[in-house]
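See below for the structure under consideration.
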There are 2 protein chains.
Amino acid sequence: MGTTQLESVPEPKYWHLKTVLSDALDSEFAVGEILPNERELAARFGVARATLRQALEQLELEGRLQRRRGVGTTVAPPRMGVAVGDSEHTWPGTTADTWQTVDADEACAPAAVARLLDIDPEQSVHIVRRTRKTRGQPVAAELLYVPAASVPDLAAIDAPAGPARARAVLRELQRLRLEGRDQAVELGSARADDAKQLDRLPGSPVLLVTTRYCAQGRTAAVSVATYRADTCRLTFGGTDMQLLAG
Amino acid sequence: MGTTQLESVPEPKYWHLKTVLSDALDSEFAVGEILPNERELAARFGVARATLRQALEQLELEGRLQRRRGVGTTVAPPRMGVAVGDSEHTWPGTTADTWQTVDADEACAPAAVARLLDIDPEQSVHIVRRTRKTRGQPVAAELLYVPAASVPDLAAIDAPAGPARARAVLRELQRLRLEGRDQAVELGSARADDAKQLDRLPGSPVLLVTTRYCAQGRTAAVSVATYRADTCRLTFGGTDMQLLAG
DNA sequence: CAGTGGTCTAGACCACATA
DNA sequence: ATGTGGTCTAGACCACTGT
């Protein structure tokens with residue numbers, strides 16, 4: 001008897017669930033609206049809560065949902081376009097409108113950063129912390145690594161570690177002529193301290209943007225910026241960003 | 001009695017597990033080496049398999065591990081640097097070294113793409129499929145959307161839908177003078193068909209790169225490329241990419 | 001075939017936010 | 001105090017890959 005292949009490729013439940021929920025979000029929910037809680041949704045779809053959660057996690061990863069412990073699950077607004085690759089030739093600190101300097105101190109750079117800076121991993125560098133906000137929401141936390149050699153005129157202790165020191169480092173850095181810049185984007189998970197600044201749980205998916213600033217034929221500074229992957233779409237270059245930056 | 005705060009912030013098990021495993025990967029394992037299976041690892045650390053899996057998932061997200069069903073979990077090599085934002089002024093198809101044209105047909109573009117192209121969502125466009133390989137490994141799957149208006153000299157059916165048609169569309173596109181380009185990067189999850197091309201499971205985290213090509217004051221084409229987030233670090237611009245592209 | 005990772009269940013308890 | 005999402009368990013079965 002010719003058995004026709006039924007369900008030869010059974011789709012996982014959570015995958016099917018995800019598409020069902022996704023369609024429902026498009027048609028039946030408004031941005032900001034809160035969904036029924038997980039236990040009720042699981043019951044309504046006849047699956048275990050863990051399975052339902054697997055679907056919700058995917059939708060959150062795609063920026064469709066926002067979940068907050070103790071509060072609930074809400075429909076997320078479309079991702080914000082965040083300019084990252086514009087103004088090819090500016091030092092950090094030049095465009096202060098979106099970035100906010102937090103503080104600075106001196107410590108060793110991580111091995112990967114030391115390699116980019118081409119310095120001894122044991123050597124301590126200036127580390128400037130900054131935060132980026134867009135429309136009131138924190139979107140990125142940045143660590144800017146500046147070797148002492150890049151800011152020779154900075155009196156070592158002319159300001160105590162803190163905001164004043166941070167501004168001094170940025171000011172000195174801007175006296176160099178910027179010769180070029182390159183960037184890389186990769187997926188990461190938020191470290192505990194970054195997570196706190198971004199108002200997310202540790203381990204949340206983030207986009208890591210590594211920027212290398214070149215001057216005097218050397219790498220003068222390296223920045224590692226941690227962007228919330230759920231709420232941000234990083235935009236690069238171009239003359240006219242209106243459409244993508246919406 | 002002054003109770004000193006012990007464990008006032010109990011770290012989740014999977015988080016602690018992740019750091020332990022991460023350190024072990026650095027010190028005790030070589031790239032490509034296979035780890036003990038999940039059941040044994042869970043037993044060894046005294047946790048449920050689900051908890052162990054949560055730690056492994058994070059490490060895979062960060063590109064430290066590679067897991068394949070039926071095979072096992074192996075230590076992943078460092079991420080590949082994949083140039084995405086170089087050659088600011090080239091049409092797709094010009095640099096054929098890494099991209100491989102698959103085929104083409106005609107269909108409606110997704111709503112988001114139609115908006116970028118500034119065309120009626122019902123209008124059908126050319127869709128060219130391409131694949132990108134680096135060091136033998138598939139790293140990206142691309143859909144290139146080209147409205148008929150951008151390639152007016154293309155005889156509609158001068159080639160049947162397929163590779164020949166794809167090459168014809170690219171050839172015609174390159175006759176236009178490219179005036180600019182902008183790009184955006186965001187996190188997504190692999191659609192079923194992309195997942196197959198990328199040799200991953202559906203839903204795997206991917207980096208979506210949306211490129212808008214401008215010519216004659218209009219958006220002449222839009223490309224949506226799906227990059228494997230686990231194996232790729234996307235690199236942008238700059239004069240000298242050696243260090244970051246390693 | 002045996003062994004692997006992937007999916008799913010039905011429960012339990014915890015941390016957090018809010019009223 | 002209540003209700004939310006986050007963590008964790010101990011099992012089960014499935015899909016896939018190799019031999």
Side-chain angles (χ1 to χ4, degrees), chain A residues 5-19 21 33-61 65-76 189-190 192 195-196 199-205 230, chain B residues 5-19 21 33-61 65-76 189-190 192 195-196 199-205 230:
Chain A
Q5 69 171 42
L6 285 176
E7 293 287 344
S8 82
V9 182
E11 200 173 44
K13 275 191 191 177
Y14 78 90
W15 185 260
H16 179 245
L17 204 49
K18 185 192 118 176
T19 66
L21 285 169
E33 196 167 347
I34 65 177
L35 270 62
N37 70 53
E38 298 183 350
R39 289 160 180 88
E40 174 168 345
L41 279 177
R44 187 178 302 185
F45 287 106
V47 300
R49 182 155 78 114
T51 305
L52 186 268
R53 276 178 63 80
Q54 212 171 339
L56 293 184
E57 265 150 33
Q58 285 243 2
L59 289 170
E60 191 178 28
L61 197 80
L65 291 180
Q66 186 161 358
R67 301 192 289 171
R68 272 172 304 171
R69 166 153 53 179
V71 179
T73 301
T74 60
V75 180
S189 48
K196 191 157 295 183
D199 192 27
R200 298 254 60 197
L201 289 178
S204 316
D230 54 344
Chain B
Q5 67 172 43
L6 288 176
E7 295 286 345
S8 83
V9 183
E11 200 173 45
K13 275 191 191 178
Y14 79 91
W15 185 260
H16 179 245
L17 204 49
K18 186 193 117 176
T19 66
L21 286 169
E33 196 168 346
I34 66 177
L35 269 61
N37 71 54
E38 296 184 350
R39 289 159 179 90
E40 174 168 346
L41 279 178
R44 187 178 302 184
F45 287 105
V47 299
R49 192 177 153 221
T51 305
L52 184 269
R53 277 179 63 81
Q54 211 171 338
L56 293 184
E57 265 150 35
Q58 285 244 359
L59 289 169
E60 191 179 29
L61 196 80
L65 292 179
Q66 187 161 358
R67 300 193 288 171
R68 271 172 304 170
R69 167 154 51 180
V71 179
T73 301
T74 61
V75 180
S189 48
K196 191 157 293 181
D199 191 27
R200 299 253 59 197
L201 289 178
S204 317
D230 56 343

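Protein chains get the first letters and strands the later ones, always in sequence-line order, with residue 1 at the start of each. Here the structure is a predicted model, which means the values were calculated and not measured.
- Rounded to an integer number of Å, the gap from CZ of A:R200 to P of C:dC16 is 15 Å.
- If B:G70 and B:L201 are placed on DNA chain C by their nearest nucleotide, the residue sitting closer to the 5' end is B:G70.
- B:Y14 contributes atom OH, which lies 10.5 Å from atom CD of B:E57 (distance to the nearest 0.5 angstrom).
- The side chain of B:A48 has D:dT9 as its nearest neighbour among D:dT9, C:dA12, C:dT7.
- Judged by distance alone, with hydrogens and angles left aside, B:R68 brings no side-chain donor or acceptor close enough to the base of C:dG6 to form a pair under 3.5 Å.
- Side chains of B:D230 and B:R200 form a contact here, defined as non-hydrogen atoms less than 4.5 Å apart.
- For the atom pair CZ (A:R53) and CG (A:L41), the distance works out to 12.0 Å, reported to the nearest 0.5 Å.
- Between the CG atom in B:L52 and the CD atom in B:E40 there is a gap of 10.5 Å [rounded to 0.5 Å].
- Taking atom CD1 on B:I34 and atom C1' on C:dG3, their separation rounds to 11 Å, with Å as the unit.
- For A:R69 against D:dG3, a side-chain-to-base donor-acceptor contact under 3.5 Å is absent.
- Applying the 3.5 Å distance criterion, the base of D:dG5 shares a donor-acceptor pair with the side chain of A:R39.
- Here C:dC14 presents its P atom at 18 Å from CD of B:E11, a figure rounded to the nearest Å.
- Nucleotide D:dT7 holds its C1' atom 13 Å from the CG atom of B:L17, rounded to whole Å.
- Remark: C1' of D:dT4 and CD of A:Q66 are 15 Å apart, rounded to the nearest angstrom.
- If you measure from atom CD of B:E40 to atom P of C:dG5, you get 10 Å, rounded to the nearest angstrom.
- Separation of atoms CD (B:Q54) and CG (B:L59) is listed at 11.5 Å; rounding is to 0.5 Å.
- One interatomic measurement links the two molecules: CZ of B:R67 to P of D:dT17, which rounds to 16 Å at whole-angstrom precision.
- Residue B:N37 places at least one side-chain N or O closer than 4.0 Å to OP1 or OP2 of C:dT4.
- Within residues 50-61 of chain B, the residues that place at least one heavy atom under 4.0 Å from DNA chain D are, in residue-number order, B:A50, B:T51, B:Q54.
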Let's go through A:L35 and A:L65 carefully: what are the C-alpha distance in whole Å and the side-chain angles of both, what is the deciding distance for side chain to side chain contact (heavy atoms under 4.5 Å, CB included) to 0.1 Å, and is it a yes or a no? CA-CA 9 Å; A:L35 270 62; A:L65 291 180; 4.2 Å; yes
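- In this model, the phosphate group of C:dT7 is approached by a side-chain N or O of A:Y14 to a distance below 4.0 Å at OP1 or OP2.
- What separates CD of A:E38 from P of C:dG11 is a distance of 17 Å, to the nearest Å.
- Rounded to the nearest 0.5 Å, atoms NE2 (A:H16) and CD (A:E11) are 6.0 Å apart.
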